[in-house]
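One structure is given below, encoded as structure tokens.
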Amino acid sequence: MNYHLLRAQLEHLASMKAKIVVMVSQVAPYSIKQRRRIPTQHGGSVFSNLLQALEDYLRVLLGLVKEGSELIDKVEFVWVNQEDDLQETAMPNVWYEVLSVLHLMAMLCLLEANFLLLARPSATGLHSLIIQEYRRTSIDILIKAAGYLDCALQHVLPKISPQMRRDLPIDLSEEVLGALCAQALAQGVDLQLWVAIDSPKATLAVKRRLACEMVKYWQQAYENIMKFSFNDGWGAKHQLFARWKLFESKAAAYYYHGMILEEGNTEKSHEMAVAAMQAAHQFFIKSKMENEAFNKMHPFSRNPPLWGSMKYLSVKLSKEISTKFHINQDVSDHESNILQIYQQCTCITRLCTSSQTR
């Protein structure tokens, strides 16, 4: 290829990357300090503008691959790591850059969803209907994040040689990407459950299905992230987060399964319902313990108040256990029933069709 053309391509890549670096540096403080969606001077938001810049950069990278450019393995790309022991990783491979860009796009989506969900009517003057719209928008954004990660897993990682894949940072490993993909789907389902709880038309069966989908996705996230050994730092914190949310989702699944069993109006169904509620209560207690461990793990974080589906569940669990089921026994008193219910819940989960992938 012509030397001048190669140099032009290289300068174009460097220019686009430099622009993205500047935009990323602007997003971090904006997302932390602001509590309302402020447009930029070019329209849209800092999130959408950065995402668009990343998409443009990604198209240029894929164009180099498609054209068979000599730059594919001649330019060294450098990225800072978060969960890996190494501070940064440098590789002379365009597919590594594509993988890193997809990972950043997914993280940006997670950040934007978090930003929208932090909005509170009392603090921002936003109408409750706008808050509900933010919730629905966050579901779409989380699905988009999962899509980027799935693309990375299915179409980009296979393009990288086995030897080079062994040199990838933990942040871009198949296990961590899989954990993040499942996590994004789980959090999207959690928001759907929150919407269902607020809807008088949503049945207990619908809520149980959503709760079981959460169990499935959080189980996938937990199993993937636990394949690594972390002593502290973001990696260990990520593991605690997945465990905390897995226990929360199991508490929700058992709760709604117990409510459905209680509608059976038979002694056997009531006995199973009591066991389900006991299991839900125990998992909820475990989730609070994992939450505390998560917040105490460095880097330290504040203990936020319960919100969404878990806020509702904490109130309902306490009420149902004290008034309807009169549960005082230890969980071991209903061990066989709990195991049977868990197996039923697992079967339900396998039959669930995830609306997130549609």
Please tell me whether [X] and [Y] are part of a single hydrophobic cluster in this structure, the criterion being side-chain heavy atoms less than 4.5 Å apart.
X      : Y      : answer
Met91  : Val60  : yes
Val80  : Leu168 : no
Leu10  : Val98  : yes
Val65  : Leu99  : yes
Met107 : Val46  : yes

Considering non-hydrogen atoms only, spot the tightest contact between [X] and [Y] and give its length.
X      : Y      : value
Ile20  : Ala53  : CD1-O, 4.0 Å
Lys17  : Val78  : NZ-O, 4.0 Å
Ala221 : Ala182 : N-CB, 3.7 Å
Val189 : Met214 : CG1-CG, 3.5 Å
Tyr255 : Met277 : O-CE, 3.3 Å
Leu62  : Trp95  : CD2-CZ3, 4.1 Å

Q | Pair Arg243 + Glu290: basic N to acidic O under 4.0 Å | A |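 Looking at Glu290 together with Arg243, the answer is yes, because their closest N to O distance falls below 4.0 Å.
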Check whether any side-chain heavy atom of [X] sits under 4.5 Å from a side-chain heavy atom of [Y], and report yes or no.
X      : Y      : value
Tyr57  : Leu13  : yes
Met105 : Leu58  : yes
Leu172 : Ser100 : yes
Trp79  : Pro169 : no

Q.
For Glu267, is the CD atom crowded, meaning more than 12 foreign heavy atoms sit under 6.0 Å from it?
A.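 No.
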Q.
Could you check whether atom CD of Glu76 has more than 12 heavy atoms from other residues, nucleotides or ligands sitting under 6.0 Å from it?
A.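 Correct, the count exceeds 12.
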Quick one: pull up [atom1] in [X] and [atom2] in [Y] and give me the separation to the nearest 0.5 Å.
X      : Y      : atom1 : atom2 : answer
Glu271 : Leu261 : CD    : CG    : 11.0 Å
Tyr254 : Phe283 : OH    : CZ    : 5.0 Å
Leu306 : Lys288 : CG    : NZ    : 8.0 Å
Gln183 : Leu185 : CD    : CG    : 10.0 Å
Gln52  : Met23  : CD    : CE    : 9.0 Å
Trp194 : Trp307 : CH2   : CH2   : 5.0 Å

Q. Apart from Met289 itself, what residues make up its hydrophobic cluster, given side-chain heavy atom links below 4.5 Å?
A.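 Besides Met289, the hydrophobic cluster comprises Ile285, listed by chain and residue number.
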Which atom pairs, donor and acceptor, lie under 3.5 Å between side-chain atoms of residues 136-162 and protein residues at least two apart or in another chain?
{"from": "Thr137", "atom 1": "OG1", "to": "Glu133", "atom 2": "O", "distance (Å)": "2.9"}
{"from": "Ser138", "atom 1": "OG", "to": "Tyr134", "atom 2": "O", "distance (Å)": "2.8"}
{"from": "Tyr148", "atom 1": "OH", "to": "Glu55", "atom 2": "OE2", "distance (Å)": "3.3"}
{"from": "Ser161", "atom 1": "OG", "to": "Met164", "atom 2": "N", "distance (Å)": "3.2"}

Side-chain polar contacts of residues 291-298 - donor-acceptor pairs under 3.5 angstrom, sequence neighbours left out - could you list them?
{"from": "Asn291", "atom 1": "OD1", "to": "Asn295", "atom 2": "ND2", "distance (Å)": "3.0"}
{"from": "Asn291", "atom 1": "ND2", "to": "Asn303", "atom 2": "OD1", "distance (Å)": "3.0"}
{"from": "Asn295", "atom 1": "OD1", "to": "Ser301", "atom 2": "OG", "distance (Å)": "3.0"}
{"from": "Asn295", "atom 1": "ND2", "to": "Asn291", "atom 2": "O", "distance (Å)": "3.1"}
{"from": "Asn295", "atom 1": "ND2", "to": "Asn303", "atom 2": "OD1", "distance (Å)": "3.3"}

Q: Go through the steps to decide whether Phe77 and Val94 satisfy the test side chain to side chain contact (heavy atoms under 4.5 Å, CB included), and finish with yes or no.
A: CA-CA 8 Å; Phe77 299 98; Val94 170; 4.1 Å; yes
Q. Who passes side chain to side chain contact (heavy atoms under 4.5 Å, CB included) against Lys207, sequence neighbours left out?
A.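 Once residues adjacent in sequence are excluded, the partners of Lys207 under the side chain to side chain contact (heavy atoms under 4.5 Å, CB included) criterion are Leu193, Ala196, Ala202, Tyr256.
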(Q) Using the rule given for side chain to side chain contact (heavy atoms under 4.5 Å, CB included), can you reason through Phe241 versus Ile225, listing the C-alpha separation, both sets of side-chain angles and the distance that settles it, and then say yes or no? (A) CA-CA 10 Å; Phe241 181 75; Ile225 197 63; over 6 Å; no
Q) Would Leu177 and Leu102 satisfy side chain to side chain contact (heavy atoms under 4.5 Å, CB included), going step by step from the backbone distance to the final call? A) CA-CA 10 Å; Leu177 292 175; Leu102 285 171; over 6 Å; no
**Q.** Of all pairs that satisfy salt bridge (Lys or Arg N to Asp or Glu O under 4.0 Å), the ones with a partner from residues 188-200, not counting sequence neighbours
**A.**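 For residues 188-200, and leaving out neighbouring residues, the salt bridge (Lys or Arg N to Asp or Glu O under 4.0 Å) pairs sorted by first residue read Arg135-Asp198.
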(Q) Just to verify, what does Glu248 make a side-chain hydrogen bond (donor to acceptor under 3.5 Å, both in side chains) with, not counting sequence neighbours? (A)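 Testing Glu248 for side-chain hydrogen bond (donor to acceptor under 3.5 Å, both in side chains), a comparison that skips the adjacent residues, returns Trp244, Lys245.
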Q: Under the side chain to side chain contact (heavy atoms under 4.5 Å, CB included) rule, what do Val24 and Leu50 come out as? Steps first, then yes or no, please.
A: CA-CA 7 Å; Val24 168; Leu50 176 53; 3.9 Å; yes
Q: Indicate whether the side chain of Gln220 and that of Asn224 have a donor and an acceptor atom separated by less than 3.5 Å.
A: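 Their side chains do not contain a donor-acceptor pair, so the 3.5 Å distance test is not met.
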Q.
Quick one: does any side-chain atom of Asp171 pair with a main-chain N or O of Gln82 as donor and acceptor, under 3.5 Å?
A.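 Pair found, side chain donor or acceptor close to backbone of Gln82.
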Q. Would you say the side-chain atoms of Ser15 pair up with the backbone N or O of His12, donor to acceptor, closer than 3.5 Å?
A.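 No, the answer is negative, given that no donor and acceptor are paired below the 3.5 Å cut-off.
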